[in-house]
Amino acid sequence: MTTTQPRAVAEAAPTFPPGFSFGAATAAYQIEGAVDADGRGPSIWDTFSHTPGRTHEGDTGDVACDHYRRYPEDIALMADLGLDAYRFSVAWPRVMPSGAGRVEQRGLDFYRRLVDGLLDTGITPWLTLYHWDLPQALEDRGGWADRDTALRFADYAAVVHSALGDRVPHWSTLNEPMCSALLGYMAGQHAPGRRDPVAAARAVHHLLLGHGLATRELRAAGADSVGITLNFTPMSAASASPADVDAARRLDGQQNRMFLLPVVTGEYPADVVADLAEAGAPLPVEDGDLDVVATPVDWLGVNYYFRSVVSALPEPTGKATPFIGAERIDDVAPPGPTTTMGWAVTPEAFTDLLLWLRGIAPTLPMVITENGSAWADAPGADGRVEDPERVDYLVRHLAAVAAAMEQGADVRGYFAWSLMDNFEWARGYAQRFGLVHVDYATQRRTPKHSAAVYRDIARRSREA
Ligand code: FCB
């Protein structure tokens, strides 16, 4: 196979203003492995992945990329990639094995070693407190459907900040509460695997309440760069029929606006509140909650992968849906190529999304906390991993970000998802999102062609 030289591709890519951060992202359960090490407690993802039939081929995060032990090698990889920044998550059950009460110092020590290694290498840590691995003990008490979990999350935030606040500059509360609440409690496709609209709506609100309470704890402890990461999927109607248009409104409401608006305006969108109430799954808002949810943040983390086209059907689709009251709504993939996840490649919608966000929160800086694509990558006979589709996706999505910035969107950085191939949740190890290939049998890491392209795009921007 012939491939373009990284530098040639990088030269075709946009440049970014001085200070723009180029990073890569991971999440604890997807890479760490070592699930029994140093007093870690079980999380809902341990339980879920060990339940037959829940994940692709029964894959679990037991070993994953063994990053818990190999983190020095992984930091060296990041340095070779020329990363400015690294976004990772802390596993709550490593730090508080039963979610509340006793703190496990050995868990905190691991993250301290990781952070110190990053700082020594000149890589800025961006810490996410919650990337889906709720301590199982809290799920046993109701999980995110229980209001108390929000309070426990704020306690945990304070514990992590007291250990790492002197060395981690950037703090994110939650990663993608939409997935935690709606994939976890409504569709049952993610841990804890429940299919209960009432619990799902409760989880939505308690996650956002937890975000607000944790933000207050972090601020009180002196943090001055606090954000939340939301995942956005632009929704459009398959036709101009009123039913399709309403289907797009409903899904856009639950996917995008239900999480964004309370955080930035202090109100849930009225149409979504009505949809959920009508479905018998109201948001359990108590007096004063929305003031807490809207505690000011310093930046918005934006995760973007693809856009969706939706249509209304006369009969229920029979498929599990993460959206409440959406049994008769189907997803029609937009035309064009899809990744191995089955996701469309739609960079133009990324520009529009960033401009829409700017319109809603004009003064809030944005950081692209995830963007990337999965392909069937494999090393060639020479051991190299060529991934032309990922290179194409990366360059086109960076160009989409640059186009939004030219039109006024305030975007401060971009984190590729992901640093390395990892445990892709219910899809297991079959989906490879990494800039770095991982051979799971040997734990050998091999930077893909896209890693070299990304390094050169970043270098060229710094030199511009
Ligand atoms: C996002 C998750 C991340 C990864 C990517 C592909 O929804 O935040 O952990 O699974 O999708």
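Both ligands and their constituent atoms are indexed starting at 1 by order of listing.
Counting only heavy atoms of the protein, atom 5 (C) of ligand 1 lies nearest to Y305 OH, 3.2 Å. In terms of protein heavy-atom proximity, atom 7 (O) of ligand 1 is closest to E176 OE1, 2.5 Å. For atom 2 (C) of ligand 1, the closest heavy atom belonging to the protein is E370 OE1, 3.3 Å. In this structure, atom 10 (O) of ligand 1 lies nearest to the protein heavy atom E424 OE1, 2.8 Å.
Annotation: N175 places an N or O atom under 3.5 Å from an N or O atom of ligand 1; distance criterion only. Considering backbone and side-chain N/O of W417, none are found under 3.5 Å from N/O of ligand 1. Residue W425 has at least one N or O atom closer than 3.5 Å to an N or O atom of ligand 1.
In this structure, W45 and F423 have perpendicular ring planes: the angle between them is above 60°, well past the 30° mark. Taking the six-membered ring for Trp and thresholds of 30 and 60 degrees, W92 and Y130 have ring planes more than 60 degrees apart, a perpendicular arrangement. Classification of the F232-W356 ring pair by plane angle, with boundaries at 30° and 60°, yields perpendicular.
Formation of a donor-acceptor pair under 3.5 Å by the S461 side chain with backbone atoms of F16 is found in this model.
Counting heavy atoms closer than 4.0 Å to ligand 1, residue M341 contributes nothing at all.
Near F433, meaning under 4.0 Å from one of its heavy atoms, ligand 1 places the atoms 6 (C). Ligand-side atoms of ligand 1 in range of H131: 2 (C), 3 (C), 8 (O), 9 (O), range being under 4.0 angstrom from any heavy atom.
Side-chain contact check for S225 and H170: at least one donor-acceptor pair (N or O, by modelled atom type) lies under 3.5 Å.
Using a 4.5 Å heavy-atom threshold, the side chains of T26 and H131 count as separate. Here the side chains of H56 and Y429 are not in contact, with every heavy-atom distance at 4.5 Å or above.
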